[in-house]
Amino acid sequence: MSLDRSSALNIAQVLTEALPYIQRFTNKTIVVKFGGNAMIDEALQNSFARDVVLMKLVGMNPIVVHGGGPQIGQLLEKLNITSEFVDGMRVTDSATMDVVEMVLGASVNKHIVNLINHNGGQAIGITGKDGQLIRAKKMSVTRKTPDMKATEIIDIGHVGEVQSINTSVIEMLVNSDFIPVIAPIGVGNDGSAYNINADLVAGKIAEVVKAEKLMLLTNVSGLQNKSGSVLTGLSTQQVDALIEDGTIYGGMLPKIQCALDAVKGGVNSAHIVDGRVNHAVLLEIFTDAGVGTLITNNQNLT
Ligand SMILES: Nc1ncnc2c1ncn2[C@@H]1O[C@H](COP(=O)(O)OP(=O)(O)O)[C@@H](O)[C@H]1O
Ligand SMILES: CC(=O)N[C@@H](CCC(=O)OP(=O)(O)O)C(=O)O
């Protein structure tokens, strides 16, 4: 590719502008959650993969955690298995769990690994079962009875919450210069598989590896208020109020919760970013242009 002088100068300028960011994040771990909804467009998948490869090449340590909710939904539909969600969690019976393992652990995971490798990176795909990376236990969900007088427990099947993360598996990969690509399947004490919301896995991993940043890529421009404006810099109390009045619901519930937990657990900042934007990851890391919702530990999170 031959460039004229002015285009070449532009590129040189962009690279020098990125220099302070590269210096700041060298050797830092950045956990990127690639949501199933942001994953639908092929061009966006490629731009995501290139961003991750570039991060690694300039000395950062990206760790990818992926979702795949819409992809699980498509296969369930083909198999005529109905699916429902409670508070953003898919009710998971045994047949659904088999589909979750097939989609997340096999097709989606290997697709992302292949994209990163094809773009010049070295990715290795694993689930939480590999090396017992994600130890999980059954998630218990409660809700108020219709008369609002008592609380009842709802059984949502093989849905898990993270109990512990075996960081040595991640360290081994990162220290050998591989990019870990992690599917959110956990393993219980008895060896059974658990379906875990990918945001919750990304948040927990960011916390235990002491990541500098947690980036959650999704299919909206960030956390929005009822009129659609993006909200940023919120306190825990403000978030609680938004959940209470129904502004935050469904898939945004685990996202915002894990962002708050990660930051309280020591991650410097958590970002809910619009994954429909080309090179969303690079824009967030290499520029000051605030994309999406930012949650930091300067917000007095209690
Ligand atoms: N306050 C809110 N702001 C933005 N999105 C919200 C909000 N409350 C609920 N949502 C829903 O959360 C969805 C994102 O969660 P989800 O579909 O699980 O995404 P992903 O697959 O990226 O994890 C949005 O598409 C939107 O429908
Ligand atoms: C318990 C639970 O809901 N698990 C999710 C796991 C995938 C996921 O989280 O995918 P996204 O990030 O694309 O939403 C599910 O079954 O859809």
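Atoms within each ligand, like the ligands themselves, are counted from 1 in listed order. Numbers for residues simply follow the sequence, beginning at 1.
Nearest protein neighbour of atom 23 (O) of ligand 1, counting heavy atoms only, is Lys255 NZ, 2.6 Å. In terms of protein heavy-atom proximity, atom 17 (O) of ligand 1 is nearest to Asn37 ND2, 3.0 Å. The protein non-hydrogen atom at the shortest distance from atom 26 (C) of ligand 1 is Val220 CG1, 4.4 Å. Shortest contact from atom 9 (C) of ligand 1 to any protein heavy atom: Tyr249 O, 2.9 Å. The protein atom (non-hydrogen) at minimum distance from atom 3 (N) of ligand 1 is Gln224 N, 3.0 Å. The protein atom (non-hydrogen) at minimum distance from atom 25 (O) of ligand 1 is Asn219 OD1, 2.9 Å. For atom 18 (O) of ligand 1, the closest non-hydrogen atom of the protein is Gly251 CA, 3.3 Å.
Of all the atoms in ligand 1, the ones that sit under 4.0 Å from a non-hydrogen atom of Thr218 are 14 (C), 19 (O), 20 (P), 22 (O). Every atom of ligand 1 is numbered from 1 in the order shown, and the set under 4.0 Å from a heavy atom of Gly35 is 22 (O). Close approach to Gly222 involves these atoms of ligand 1, each under 4.0 Å from a residue heavy atom: 3 (N), 4 (C).
Residues His271 and Thr293 bring no donor and acceptor atom of their side chains to less than 3.5 Å of each other. The closest side-chain donor-acceptor pair between Asn109 and His66 falls under 3.5 angstrom.
Of the listed residues (Thr247, Leu231, Thr293, Val273), the one carrying the non-hydrogen atom nearest atom 2 (C) of ligand 1 is Thr247. In the candidate list Met252, Lys33, Gln71, Met252 is nearest to atom 12 (O) of ligand 1, counting heavy atoms.
The pair Lys204-Glu161 does not meet the salt-bridge criterion, since no charged nitrogen lies less than 4.0 angstrom from a carboxylate oxygen.
Of the candidates Leu44, Asp51, Asn46, Val52, Val52 is the only one forming a side-chain contact (heavy atoms from CB on, under 4.5 Å) with Phe48.
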Enumerate donor-acceptor pairs with a distance under 3.5 Å from any side-chain N or O in residues 123-139 to protein atoms, sequence neighbours excluded.
from   : atom 1 : to     : atom 2 : distance (Å)
Thr127 : OG1    : Lys129 : N      : 3.0
Lys129 : NZ     : Glu101 : OE1    : 3.2
Lys129 : NZ     : Glu101 : OE2    : 3.4
Asp130 : OD2    : Thr127 : N      : 2.8
Gln132 : OE1    : Arg135 : NH1    : 3.0
Arg135 : NH2    : Asn189 : OD1    : 3.0
Lys138 : NZ     : Asp155 : OD1    : 2.6
Lys138 : NZ     : Gly157 : O      : 3.0

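A heavy-atom distance below 4.5 Å is not found between the side chains of Ile205 and Lys33. Between Cys258 and Leu216, some side-chain heavy-atom pair lies under the 4.5 Å cut-off.
Atom CG of residue Asn219 and atom CD1 of residue Ile40 lie 7.5 Å apart, to the nearest 0.5 angstrom.
Annotation: Glu77, atom CD; neighbour count of heavy atoms from other residues, nucleotides and ligands within 6.0 Å does not exceed 12.
Under a 4.0 angstrom heavy-atom cut-off, Leu217 registers as being in contact with ligand 1.
No path of Ile, Leu, Val, Met, Phe, Trp and Tyr side chains, each step under 4.5 Å between heavy atoms, connects Val230 with Val277, placing them in separate hydrophobic clusters. Val281 and Leu57 fall within the same hydrophobic cluster, defined by Ile, Leu, Val, Met, Phe, Trp and Tyr side-chain heavy atoms under 4.5 Å apart, directly or through other members.
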Subject >> Working for side-chain hydrogen bond (donor to acceptor under 3.5 Å, both in side chains), residues Ser235 and Gln238 >> reply: CA-CA 5 Å; Ser235 67; Gln238 285 168 312; 3.3 Å; yes
Nitrogen or oxygen contacts under 3.5 Å, ligand 2 side and protein side:
from     : atom 1 : to     : atom 2 : distance (Å)
ligand 2 : 3 (O)  : Arg90  : N      : 2.8
ligand 2 : 4 (N)  : Asn195 : OD1    : 3.0
ligand 2 : 4 (N)  : Asn195 : ND2    : 3.4
ligand 2 : 9 (O)  : Ala198 : N      : 3.0
ligand 2 : 10 (O) : Gly68  : N      : 3.0
ligand 2 : 10 (O) : Gly69  : N      : 3.0
ligand 2 : 12 (O) : Lys33  : NZ     : 2.5
ligand 2 : 13 (O) : Gly36  : N      : 2.7
ligand 2 : 13 (O) : Gly68  : N      : 3.0
ligand 2 : 13 (O) : Gly69  : N      : 3.0
ligand 2 : 16 (O) : Arg90  : NE     : 2.8
ligand 2 : 16 (O) : Asn195 : ND2    : 3.0
ligand 2 : 17 (O) : Arg90  : NE     : 3.4
ligand 2 : 17 (O) : Arg90  : NH2    : 3.0

